[in-house]
Amino acid sequence: MLNDQQGNVCSFTNDSPTPHGQWVIVQTRALRGSSQPVIRPILRHNAIEVCETMQKLDGWKRCQPR
């Protein structure tokens, strides 16, 4: 996901499955600059909800992986 207005990019990457559910790694970082990314694991169903919500907000759009 990309937000040109805020200058942020957010990526969702599948992590290894566990007996309790599928985890996704969410990484958010500045589009420009060398700031440290914010990395957090969340459950897959929560990641889907976050992604859908972000697409409804102004400025966020899907983009190709870099």
Side-chain angles (χ1 to χ4, degrees):
M1 303 288 293
L2 173 69
N3 189 319
D4 287 324
Q5 296 171 353
Q6 294 179 6
N8 290 327
V9 64
C10 183
S11 64
F12 298 82
T13 308
N14 287 327
D15 197 18
S16 56
T18 65
H20 303 292
Q22 177 72 35
W23 288 90
V24 173
I25 301 298
V26 180
Q27 180 178 7
T28 306
R29 62 178 173 82
L31 192 56
R32 292 168 181 74
S34 60
S35 63
Q36 292 293 322
V38 176
I39 300 171
R40 61 185 178 263
I42 60 175
L43 288 171
R44 183 178 184 275
H45 69 274
N46 291 338
I48 292 169
E49 185 177 325
V50 167
C51 187
E52 290 173 349
T53 301
M54 288 173 74
Q55 290 180 58
K56 294 176 186 175
L57 298 174
D58 286 338
W60 286 102
K61 59 184 176 185
R62 293 183 71 142
C63 63
Q64 293 296 319
R66 294 182 184 194

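It should be emphasised that the depicted structure is a prediction, and the values quoted were computed from it without experimental measurement.
- Scanning both residues, Q5 and N3, for their nearest heavy atoms gives N-OD1, 3.0 Å.
- Annotation for I48: hydrophobic cluster partners, listed by chain and number, are none (ILVMFWY side-chain heavy atoms under 4.5 Å, direct or chained).
- Around the CD atom of E49, the shell of radius 6.0 Å holds no more than 12 heavy atoms that belong to other residues, nucleotides or ligands.
- For L2 against C63, the heavy-atom pair with the smallest separation is CB-SG, 3.9 Å.
- Hydrophobic side-chain contacts under 4.5 Å tie W23 into a cluster, directly or through other members, with L43.
- Through direct or relayed side-chain contacts under 4.5 Å between Ile, Leu, Val, Met, Phe, Trp and Tyr, V26 connects to M1, F12, V24, I42, V50, M54, L57, W60.
- Every residue meeting the salt bridge (Lys or Arg N to Asp or Glu O under 4.0 Å) condition with D4, not counting sequence neighbours, appears here in chain and number order: K61.
- Applying the salt bridge (charged side-chain N to carboxylate O under 4.0 Å, His left out) rule to pairs touching residues 12-27 yields nothing, sequence neighbours excluded.
- Residues T13 and Q27 form no side-chain contact, since every pair of their non-hydrogen atoms from C-beta on lies 4.5 Å or further apart.
- When every heavy atom of C10 is checked against every heavy atom of T28, the shortest pair comes out as SG-OG1, 3.5 Å.
- With sequence neighbours excluded, no residue forms a side chain to side chain contact (heavy atoms under 4.5 Å, CB included) with K56.
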